[in-house]
Amino acid sequence: MNGTAGSRRAGTAVFAVFALNGLLFASWLSRLPAVRDRLELSPAEIGVILLVGAAGSVISLPLTGLLVERLGTARAVGAAVVVGLLGTVLVSIAVAIAQPVLLAASLFLTMMGVGAWDVGMNLAGADVEQAIHRAVMPRFHAGYSLGTVLGAALGAGAAALGLAVTLHLIIIVVIVAVSAPFCLRSFLPGTQAARADRTPTGNPVRKPHAFAAWLEPRTVLIGVMVLAAALTEGAANDWLGLATVDGFAVPNQAGAIMLAIFMVAMTSMRLLGTSWLDLHGRVTVLRVCIALALVGLVTFCFAPWLWLAGLGAILWGLGAALGFPVGMSAASDDPRRAASRVSVAASIGYVAVLAGPPLLGLLAEQVGYRHALLVIAGPLLISLLITRVAAPVAVGGPGEDISLADHKEQ
């Protein structure tokens, strides 16, 4: 650790890297209607292209732990940023020449980079947490949320000005390419993997195989918890606007406002949740958040009035805010295994990103958007039952595995 000042600089840099990730991702999504029109894509074709992109993330996630262990956090994130930006440039070219196949292949590459970037920046956030001994991961995820809001706003502005998708995306690429290297320089120099390579006496630490984390019950259960959190957040991002418009027969702008209400609530909780976690611990906070999400979800789905549905969206957003960041913190408790465990938890969680939207869409055709969202209650209830796996664990001596036996948080 480079002292308090160094840790603060690193925290600011990690926050910025989270925001840049959200900016790049949301910039692409915000121009999807224009991409559809430019390439004359059907709903089914759009679905296939998005599915190919999601597959890129899912494939890269399990491999990112190996990359971090070999290169260190900063270099691994830097490599992921390069891949993501290269893919985005190719996406812009595919849109310019109206080639759907090239678009799908380019989006696959983009999302491979974005997915690996996601794991790497969470590990960088865990580095900061362990250096300052505070639960600050939710604030980093708030940075991501703010980045997505900025990306969506810039996309809306670009669309209103008639700016071509290709030019818009190239501008975003330049912004990220210029900003990211400055941020990466301020990452804490001793990555978790590097700090854990040797014991205090200088002897090498024997590490299990990177893929051994897939056989650890605690890590897998954390992944299940992250999956529920990702589905809870992602379903709102994908379907809340449509569910509002169709469910209450209101104009499109009302759906956009409802989604904005959800996002503001979620971002606010991520900004304020750090002190709550410090005071009450992960397990208690997660239980309260999951309960809020469940109450908010049910309220939104059954509310007879729009204002009551808005209250439900607020509770839903507050409850959805901390599951993913706390899961990443829990997976990184032991610095020696953090890279592989975060990769596993993120990989399981991103199943929700891959499978959630199409499954909810199919269900919505049968029961409507609002009632289809009730399916999220199932994973939330499972997550509520297993929140204890997020309790911080005691790390044994060098080379030993972690143990829950002596931990006091219940």
(request) Locate the shortest heavy-atom distance separating M258 from L306; write the atom from each residue and the value. (result) CE-CD1, 3.7 Å
(request) State, with a plain yes or no, whether a side-chain heavy atom of F187 is found less than 4.5 Å away from one of L184. (result) yes
(message) Just to verify, what does D278 make a salt bridge (Lys or Arg N to Asp or Glu O under 4.0 Å) with, not counting sequence neighbours?
(response) R134
(message) Is the ring pair W307/W305 parallel, tilted or perpendicular, if the boundaries are 30 and 60 degrees?
(response) parallel
(request) Check for a donor-acceptor pair, side chain of S179 on one end and backbone N or O of V176 on the other, with a separation under 3.5 Å. (result) no
(message) Just verifying a value: how many Å separate W276 CH2 and C289 SG, rounded to the nearest 0.5 Å?
(response) 4.5 Å
(request) Measure the spacing between CD1 of I132 and OG of S7 and express it to the nearest 0.5 Å. (result) 7.0 Å
(request) Grab the two heavy atoms, one from A34 and one from V165, that are nearest each other, plus how far apart they are. (result) CB-CG2, 3.6 Å
(request) Give, for atom OH of Y144 and atom CG of L20, the distance between the pair rounded to the nearest 0.5 Å. (result) 12.5 Å
(message) I'd like to know if R218 pairs up with D333 as an ion pair, taking the criterion as any Lys NZ or Arg NE/NH1/NH2 lying under 4.0 Å from an Asp or Glu carboxylate oxygen.
(response) yes
(request) Using the side-chain hydrogen bond (donor to acceptor under 3.5 Å, both in side chains) rule, collect all pairs that involve residues 259-269, keeping only residues at least two apart or in two chains. (result) none
(request) Please determine which of L169, V173, L167, V174 meets the side chain to side chain contact (heavy atoms under 4.5 Å, CB included) test together with I171. (result) L167
(request) Could you tell me whether the side chain of S340 and the main chain of R337 form a donor-acceptor pair under 3.5 Å? (result) yes
(request) Determine yes or no for a side-chain-to-main-chain donor-acceptor pair under 3.5 angstrom, with S145 supplying the side chain and H141 the backbone. (result) yes
(request) Please tell me if the side chains of L103 and V91 come closer than 4.5 Å, counting only heavy atoms from C-beta onward. (result) yes
(request) Could you pull out the closest heavy-atom pair between M263 and V149, with the gap in Å? (result) CE-CG2, 3.7 Å
(message) In the structure I gave you, are the side-chain heavy atoms of S27 and L154 within less than 4.5 Å of one another anywhere?
(response) no
(request) Determine, stepwise, if the pair W117 / V17 fulfils side-chain contact (heavy atoms from CB on, under 4.5 Å). (result) CA-CA 9 Å; W117 181 351; V17 167; 3.2 Å; yes
(request) With side-chain contact (heavy atoms from CB on, under 4.5 Å) as the test, would you mind laying out the steps for M225 and L286 before giving the verdict? (result) CA-CA 10 Å; M225 191 178 69; L286 281 176; 3.8 Å; yes
(request) Just jot down the ring pair (Phe, Tyr, Trp, His ring centres under 6.0 Å) partners of F302, sequence neighbours excluded, or say none. (result) H371
(request) Mind checking the CG-CG spacing from D118 to L123? Nearest 0.5 Å is all I need. (result) 10.0 Å
Per-pair distances, 0.1 Å, donor-acceptor, side chain in residues 104-115, under 3.5 Å, sequence neighbours excluded:
from: S106; atom 1: OG; to: L102; atom 2: O; distance (Å): 2.7
from: T110; atom 1: OG1; to: G87; atom 2: O; distance (Å): 3.1
from: T110; atom 1: OG1; to: T88; atom 2: N; distance (Å): 3.1
from: T110; atom 1: OG1; to: S106; atom 2: O; distance (Å): 3.0

(message) Test your reading of the model: is there a side-chain donor-acceptor pair from R287 to the backbone of L384, 3.5 Å cut-off?
(response) no
(request) Kindly give the heavy-atom pair with the smallest separation between R270 and A142, and that separation in Å. (result) CB-CB, 3.6 Å
(message) Rounded at 0.5 Å granularity, tell me how far OG1 in T274 sits from CE in M137.
(response) 10.5 Å
(message) List the residues meeting salt bridge (Lys or Arg N to Asp or Glu O under 4.0 Å) with R31, not counting sequence neighbours, and say none if there are none.
(response) none
(message) So I172 and W28, do their side chains get closer than 4.5 Å, heavy atoms only?
(response) no
(message) Does any part of the side chain of F18, heavy atoms only, come nearer than 4.5 Å to the side chain of L146, both counted from C-beta?
(response) no
(request) Using atom types as modelled and distance alone, determine if a side-chain donor or acceptor of T166 lies under 3.5 Å from a backbone N or O of S92. (result) yes
(request) Answer whether the closest heavy-atom distance between the side chains of T244 and F300 falls below 4.5 Å. (result) yes
(request) Establish, from distance only, whether the side-chain atoms of S186 and R9 form a donor-acceptor pair under 3.5 Å. (result) no
(message) With heavy-atom distances below 4.5 Å as the criterion, would you say the side chains of I175 and L24 are in contact?
(response) no
(request) Over all heavy atoms of both residues, which pair between G11 and F140 is shortest? Give the atoms and the distance, please. (result) O-CE2, 3.2 Å
(message) Please give me the minimum heavy-atom distance between A236 and L259, naming the atom from each residue.
(response) O-CD1, 3.6 Å
(message) I need the I222 CD1 to S383 OG distance, nearest 0.5 Å.
(response) 11.0 Å
(request) Could you tell me whether a side-chain N or O of R388 sits under 3.5 Å from a main-chain N or O of V283, the two making a donor and an acceptor? (result) no
(request) Look at the side chain of S347 and the backbone N and O of S343, then say whether any donor-acceptor pair between them is shorter than 3.5 Å. (result) yes
Taking only distance into account, with no hydrogens and no angle test, what donor-acceptor pairs under 3.5 Å do side-chain atoms of residues 310-329 form with protein atoms, sequence neighbours excluded?
from: W316; atom 1: NE1; to: T232; atom 2: O; distance (Å): 3.2
from: S329; atom 1: OG; to: E129; atom 2: OE1; distance (Å): 2.8
from: S329; atom 1: OG; to: E129; atom 2: OE2; distance (Å): 3.2
from: S329; atom 1: OG; to: P325; atom 2: O; distance (Å): 3.3

(request) For residues W214 and I348, determine if any side-chain heavy atom of one lies less than 4.5 Å from a side-chain heavy atom of the other. (result) yes
